[in-house]
Each structure stands twice: as C-alpha cells, then as structure tokens.
Amino acid sequence: QVQLVESGGGLVQAGGSLRLSCAASGLTFSLYTMGWFRQAPGKEREFVTAINWSGSSTYYADSVKGRFTISRDNTKGTVYLQMNRLNPEDTAVYYCAATGRGNPYGRPHDYRYWGQGTQVAVSS
C-alpha cells in the first residue's frame with residue numbers, strides 16, 4: 001500500500017539543471033527520513049542525499065555537494081531533488097527511498113520503502 005513515485009527525470013545537456021520529485025502515499029510522511037540514491041550502468045547503487053523528518057538536517061555525498069539540494073514538503077508528502085550544473089557522470093537511474101526516523105540513512109539496506117526510479121541522462 002505504501003508507494004513512492006518519482007518524476008522529473010529526462011535528458012539534459014551538461015551544465016543544465018533538473019528537478020526531481022518523489023510523491024509518497026500510504027505512510028505517515030513526517031515519521032520518515034527521506035533519501036535519494038542513484039545507480040549508473042555497471043556501478044553499485046550509491047547514496048546521493050538524505051533529509052530528516054522536519055527538513056532541518058540534510059546530508060550529501062561529496063560528489064554532489066554544492067550542486068544538488070534536497071528539500072521536502074510535509075504538507076504535500078513530497079521530497080524534491082534540485083540538480084544543478086549537471087555533468088555526464090550524473091547519468092543514472094535515481095531512486096527515492098524512505099527509512100524510519102532515527103534509523104541509519106547512508107546505505108541502501110537502511111531503507112524500507114523504494115520508488116521505481118527515474119532516468120536522468122546528461123549529454124556532453
């Protein structure tokens with residue numbers, strides 16, 4: 001019954017921007033830390049960013065720090081990922097995930113619920 005649905009992926013030129021959304025349903029949104037992961041062809045799924053239940057704390061992988069911004073709107077049950085200054089190394093399937101408040105958040109196995117993923121392709 002819990003669903004996480006990503007949207008906003010697509011093809012963009014290097015240096016451009018893209019905004020991803022993840023709409024959650026079937027859960028009490030404010031009880032969960034939300035995260036974004038990505039998986040490129042031939043690579044392991046890697047942590048991108050996470051945000052705590054209230055939005056007061058955020059965490060970023062070094063590879064995206066200063067370029068990506070995570071945010072959430074608890075009234076809408078939605079988490080966002082603003083991606084700026086994209087480069088071809090950002091090409092991957094991006095996944096939204098949810099883990100309970102107080103749980104670890106940096107590894108895929110930390111998360112209970114996952115979205116289906118959305119493709120982001122950055123051309124040079």
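This chain uses plain numbering: 1 for the first residue, then up along the sequence. All values reported here derive from a predicted model rather than from experimental measurement.
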As an exercise, state the distance from [atom1] of [X] to [atom2] of [Y], rounded to the nearest 0.5 Å.
X	Y	atom1	atom2	result
C22	I70	SG	CD1	9.5 Å
L81	T118	CG	OG1	11.0 Å
S124	Q13	OG	CD	10.0 Å
S21	D73	OG	CG	10.5 Å

Query raised in the report: side-chain hydrogen bond (donor to acceptor under 3.5 Å, both in side chains) between N87 and R85: does it pass, once the steps are laid out?
Result: CA-CA 7 Å; N87 61 66; R85 306 198 309 278; over 6 Å; no

Measuring only between side-chain heavy atoms, which start at C-beta, is [X] closer than 4.5 Å to [Y]?
X	Y	answer
F29	M34	yes
V120	L18	yes
W114	P108	yes
R67	D90	yes
Y80	T78	yes

For [X], I'd like to know if atom [atom1] has over 12 heavy atoms of other residues, nucleotides or ligands within 6.0 Å.
X	atom1	answer
R107	CZ	no
W53	CH2	no
R19	CZ	yes
Q3	CD	no

For the pair [X] (side chain) and [Y] (backbone), establish whether a donor and an acceptor sit closer than 3.5 Å, ignoring hydrogens and angles.
X	Y	result
E6	C96	yes
Q119	G9	no
T49	Y59	yes
T28	S30	no
S57	N52	no

Query raised in the report: What do the steps show when you test Y113 against T99 for side-chain contact (heavy atoms from CB on, under 4.5 Å), and what is the final call?
Result: CA-CA 7 Å; Y113 302 113; T99 186; over 6 Å; no

Requested in this report: Using the side-chain hydrogen bond (donor to acceptor under 3.5 Å, both in side chains) rule, take Q39 and E44 through it: C-alpha gap first, then chi angles, then the decisive distance, then the call.
Outcome: CA-CA 6 Å; Q39 189 163 20; E44 295 182 346; over 6 Å; no

Report task. Please confirm whether Y105 and Y111 have ring centers closer than 6.0 angstrom. Result ->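 No - the distance between ring centres of Y105 and Y111 does not fall below the 6.0 Å cut-off.
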
Requested in this report: Assign the ring pair Y94 / F68 to parallel, tilted or perpendicular, where the plane angle (0 to 90°) is split at 30° and 60°.
Outcome: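 Answer is tilted, since the angle falls between 30° and 60°.
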
Query raised in the report: Between F37 and F47, what is the ring plane arrangement, given parallel below 30°, perpendicular above 60°, and tilted in between?
Result: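 If you compare the ring of F37 with that of F47, the planes turn out perpendicular.
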
I'd like to know if [Y] and [X] are part of one continuous hydrophobic network [Ile/Leu/Val/Met/Phe/Trp/Tyr, side-chain heavy atoms within less than 4.5 Å].
X	Y	result
L20	V122	yes
L4	I51	yes
Y32	V48	yes
V12	M83	yes
V93	W36	no

Query raised in the report: Is the closest side-chain donor-acceptor distance between R72 and N74 under 3.5 Å?
Result: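 There is such a pair (donor and acceptor under 3.5 Å, judged by atom type) between the side chains of R72 and N74.
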
Query raised in the report: Judged by modelled atom types alone, do S17 and N84 share a side-chain donor-acceptor pair under 3.5 Å?
Result: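 Per modelled atom types, S17 and N84 side chains form a pair under 3.5 Å.
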
